[in-house]
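Below: one structure, written as structure tokens.
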Amino acid sequence: MAMGMDAAGGLGKDIIGAAVSRIDGPLKTTGTAHYTADFHFASMAHAVPVQSTIASGRIKRIDLSVAEKMPGVLLVLHYGNMDRLYRVVPNDFSATTSEARPPFEDERIYHWGQFVALVVGETLEQATAAARAVTVEYETKAASLKPSLSDYQGKRKSVSKRGEVDKAFSNAAVKIDQNYITPVETHNPIEMHATVAQWEGDKVTLYETSQGVWNHRLAMAQVLGLPRENVQVITKFLGSGFGGKLFPWPHSALAAVAARRIQRPVKLSLSRKMMFTNVGHRPRCEQQIKIGATAEGKLVALRQDYLNHTSFIDDIDEGCGEATPYLYSVPNLEVTSALVQRNTGTPSPMRGPGAVPGLFAMESAMDELAIALKIDPVELRLRNEPVKDEGTGQEFSSRHLKECLETGKQKFGWEKRTAAVGSMRRDGKILGWGMAAASWGAYRFGASATVELCADGRVCVRSATQDVGTGTYTVLAQVMHEKTGVPFDRIDVIIGDTNLPEGAMSGGSWATASALPAISGAAANAIKTLMQMAVSTSGSAFLDKDPATLELSQGRVHVSGQSPSTGIPFEDVVKLARLSGITGEGKTIPTSDDPKAKDLSLHSYAAQFVEVEWEPEIARLRVSRVVTVVDVGRIINLKAATNQILGAVVMGIGMGLLEQTNYEQRTGQPINGNMADYLMATCADSPRIDVTFLNHPDLALNEYGARGVGEIGLAGVAPAITAAVYHATGVRVRQIPVRIEDLLKSDVREA
Ligand code: MOS
């Protein structure tokens, strides 16, 4: 689509790193951006799922006699009349679904809210009414719903191991041995999941809420048993995903099957309530951390044993040990994991999966160790900085955690901190200052792209990636402007459609790093052909010149070193050669296949500094200030990147103080499965947030040195909050979110 706005008109090469407003901003603020549920088609029908009211068991009988006779009802699907669906190959990341089990595969029930039938009606109201009239008789089995995982006695998997951790721990001068718990958290993007399915013959188009249209296509082709070319997936705009929209959920296949059955387009939009049961969550994690250190604060032993819950359908390992093996230097280490099945929906990645809950435990333990050692918590981290990744033995591609810590310390004013609990006061409130270090993996997916220099003077970049709301449209436009000097109002960024060249998933905060080599290479190839045309087309002002002496800037072809005004608009070259456009192709090789990158330890880093205000008289705790210093390579768009970190820090305040999904213990229904009862941080909870990017390019990822930004902003926020809470109140909270009941145990009575 054409994106109007030429704010970046004259920035040229300086556009990389500039604070550029989103090119799709006006479409969003005027309500003209089409999100999945905004797609309407003539004769489109509406599908409404029926959800299980038990957590475990099987369907004995489904009674459709009332529902099927209700006005407007077109179809009721259930396991007894469902089309044949297929599974995808387990652990094959080229085509991944969120749940291994296709919808309605059998009569078994694994969690409350599981879809047991789908009613399709002429209108949403008719389908909703009929869905309520479907009665299901169940055979109920005892459900496993206990939140606590601590009675797990089974086997554990060793995730990372070096040295002799247990021996080193028992001999250590100073020891911390504690348990940390992070709750189930539910993704709450503004835009709820939806699918609009439309068939034409044996080809289906799926309008989707997807963080990865390419994967969605391959996975759905597999699930539906179709050749991949018969499935097209379109995600033009996404109202965020946070990991919940990485891979298809069962509703996508349900919409596709329903639309095929009735031979009409079908829209299936999940309700907010369904968002709490049918499209993933961050699982509960219980972690035991043992850290041993010398009296001088040198780590000698680190053990992390974690458990996370998973569903009875899928084995989802949260990966809490993601950051543990390389964050600090420690000769003896082991990380183990195990899964505990519960009758919930299948968990899924959620912002910084693994690392974020893992760092809550590890960084909390580091804070406790600093207190035990009477060493400043920043200093403790600095004393344990590794020279290489001790988990893999690899060199770091670019690691600036020390600079994050030192810059954060200075920006926060940390030297004014007095270590004693409850010792700092301001305006009649007790202050707590806490900090944590953080990291998050970097990666580059494979991708491809084309860039077209068109005869009408437009530049079009195409790739089947998508903008999850983070600024991908704008970043791609910036690179096109940098390469051509063409203003934004003549740049078209065409993404979010599997008819385009294979593009990267928007996951792991890696879409930018993955797109850059492909689009940059495609632009370079298009420009190369343009120059060849300029020197070889009869009548060209540059006929018979060496193409290497020409350059493209401000949208004009000219002799290098001379002013662009001496040259001609690029489209004149295209037109003179009687071409409609000149296309270049580019490719990104995934880091895992890149000899220069695959043997490096690729990670982003951050330091989080948090101030809380505690008013014991009224038991009020607020996060009043956050300083975050982030090492994510080079920034491409300062405004979008800052926005990512601000949002992530606010999410961290929610994680530390508010967010948790609670399941009712008899039925397994979330008791706070709505936006009123599931508390998230709002603007009123948001403090002053100071975001600093170190901006050291990491050239192992791409020529720009961008690693990608997003998830790292959440990592480390919750443990920095609980460290600040301890500093203010003397209460160590090892199970988040922090509750008032925890804080009432404080001996610090008056400000
Ligand atoms: Mo992120 S959890 O890869 O959307």
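When reading the values below, keep in mind they use all heavy atoms of this one structure, side chains included, and skip hydrogens, waters and symmetry mates. Every number for a ligand or one of its atoms is a count from 1 in the order of the listing.
Residue contacts with ligand 1, taken as heavy atom pairs separated by less than 4.0 Å, do not involve S509 at all. Looking at Q211 against ligand 1, only its side chain comes within 4.0 Å, counting heavy atoms.
Ring centroids of H281 and H309 are separated by less than 6.0 Å, placing the two rings close together.
A donor-acceptor contact closer than 3.5 angstrom is absent between the side chains of S210 and E208. T682 and D685 are linked by a side-chain donor-acceptor pair at a separation below 3.5 angstrom, with hydrogens and angles left out of the test. Residues S252 and H216 have side chains that bring a donor and an acceptor to within less than 3.5 angstrom of each other.
The existence of a salt bridge linking R707 and D631 is confirmed by a sub-4.0 Å separation between a basic side-chain nitrogen and an acidic carboxylate oxygen.
Of the candidates G508, G710, P189, it is G508 that places a heavy atom closest to atom 3 (O) of ligand 1.
Of all the atoms in ligand 1, the ones that sit under 4.0 Å from a non-hydrogen atom of R351 are 2 (S). The contact set between ligand 1 and G507, taken as ligand atoms under 4.0 Å from a residue heavy atom, comprises 3 (O).
Looking from atom 1 (Mo) of ligand 1 to the surrounding protein, the closest heavy atom is E711 OE2, 3.0 Å.
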Decide yes or no on salt bridge (Lys or Arg N to Asp or Glu O under 4.0 Å) for D497 and R462, but give the supporting numbers first.
-> CA-CA 9 Å; D497 186 335; R462 294 181 167 86; over 6 Å; no
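Within the structure, ligand 1 lacks G241 among the residues with a heavy atom less than 4.0 angstrom away.
The shortest N or O to N or O distance between P353 and ligand 1 is not under 3.5 Å.
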